[in-house]
Amino acid sequence: MLLFLRIVLLDIQFHVMTALFTVEVLQPHYDAEYGSDVKMGCRFPVDSQLNLIHLSILWSRMQSETQKSKEVYKLHRGQEDLTLQDEDYRGRATLLQEELQMGRSVLHLTKVKPTDAGIYICVIDYGGSDYKYITLEVVARYKRINLQEIGEDEDLILTCQSEGYPLAEVVWYSEKNPNVSMPANTTYELTKDGLFNITSILKLQPRIAGNYSCVFWNKKLNQNTSTQTSVFALDPVHTSTAEKPSPILFILPICLLASFLLPVFICKVRRSKSFKNLCIQRGRRQK
Ligand SMILES: *[C@@H]1O[C@H](CO)[C@@H](O)[C@H](O)[C@H]1NC(C)=O
Ligand SMILES: *[C@@H]1O[C@H](CO)[C@@H](O)[C@H](O)[C@H]1NC(C)=O
Ligand SMILES: *[C@@H]1O[C@H](CO)[C@@H](O)[C@H](O)[C@H]1NC(C)=O
């Protein structure tokens, strides 16, 4: 009976201890731009002087696909321990040491990329243990659009390409008809940083002169990036000489060839006397 009471008391004591130690987020959600730095933080109770030797911190990121987590940064009893740090965070994740004295565990992540986005877990052990979740979202502006024009006979193929995050919607229109989007073929691939590399192809069949624009709409940022090109009609004189060469250029060599080959052919086939003479004469003349 006494033993039972002691267990219950210990249990209560344990609950009181863990309840006293609570980790709080500084901010539940962070937004960062591709290539920038971000500082995400948690708060934990520290009375008077921090005793580093009793402090352990773990930052990791959940992976929705595998239900596992990637280790981002670890402090073990006051000592940095990067032996199990995920390769993807090597050299990019640090803990701000000066913040620890004030009871803050602040993760400093540099050169942020879309593959860093997700849910982070901030675990702190300092007498008691607790953890909290923090969400990181990453955006990348479609800054620069590469526009390319390729002429194909009477047609013109316009290509717009750009990289950003998240996936943008691409719209093409002609200045003459700014309210009507033109049908284009838009595809994308992912870069190793997780950016969408979008290529959109507009075929002008046939090419019609005008000013054409392609617009990348990043819904998340509510931001438009566009570029324009002027398409000119093909010069009719230039096309007629380049694409339809004068018939004389074909006929003349054929006539010359025929005038030489025909008598030879006849000489071989018909060996009548009069033709023979002609052939001998020709042969002499050629010598
Ligand atoms: C769109 O472009 C892709 C890649 O260039 C091609 O494989 C696909 O067949 C095209 N689709 C249409 C409808 O033209
Ligand atoms: C994006 O795609 C285009 C065309 O497929 C390619 O030429 C370019 O190198 C790609 N850019 C990146 C950063 O992957
Ligand atoms: C394209 O735009 C320019 C000015 O931006 C204008 O001078 C030109 O006439 C336009 N071309 C056509 C075919 O509309």
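Just so it is clear, the model here is predicted, and its values are computed rather than measured. Note that ligands are numbered from 1 as they come in the structure, with each ligand's atoms numbered from 1 the same way. Numbers for residues simply follow the sequence, beginning at 1.
The main-chain N or O of F232 is found under 3.5 Å from a side-chain atom of R207 such that the two form a donor-acceptor pair.
Taking each heavy atom of W172 and C160 in turn, the nearest pair found is CH2-SG, 3.5 Å. Heavy atoms only, all atoms of each residue included: Y73 and A93 are closest at CD1-O, 3.7 Å.
Using modelled atom types, one finds no donor on one side chain facing an acceptor on the other under 3.5 Å when comparing E163 with T191.
Between R92 and D116 there is a salt bridge, since a side-chain N of the basic residue sits under 4.0 Å from a carboxylate O of the acidic one.
Heavy-atom contacts of N211 reach the following atoms of ligand 3: 1 (C), 2 (O), 3 (C), 8 (C), 10 (C), 11 (N), 12 (C), 14 (O) (cutoff under 4.0 Å). Residue contact check: G210 has heavy atoms under 4.0 Å from atoms 13 (C) of ligand 3.
Linking ILVMFWY residues whenever their side-chain heavy atoms come closer than 4.5 Å, directly or via other members, leaves V106 and Y131 in distinct clusters.
Classification of the Y89-Y120 ring pair by plane angle, with boundaries at 30° and 60°, yields perpendicular.
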Filter the ligand 2-protein atom pairs down to N or O on both sides and distance under 3.5 Å, then list them.
{"from": "ligand 2", "atom 1": "2 (O)", "to": "N197", "atom 2": "OD1", "distance (Å)": "3.3"}
{"from": "ligand 2", "atom 1": "2 (O)", "to": "N197", "atom 2": "ND2", "distance (Å)": "2.3"}
{"from": "ligand 2", "atom 1": "11 (N)", "to": "N197", "atom 2": "ND2", "distance (Å)": "2.9"}
{"from": "ligand 2", "atom 1": "14 (O)", "to": "N197", "atom 2": "ND2", "distance (Å)": "3.3"}

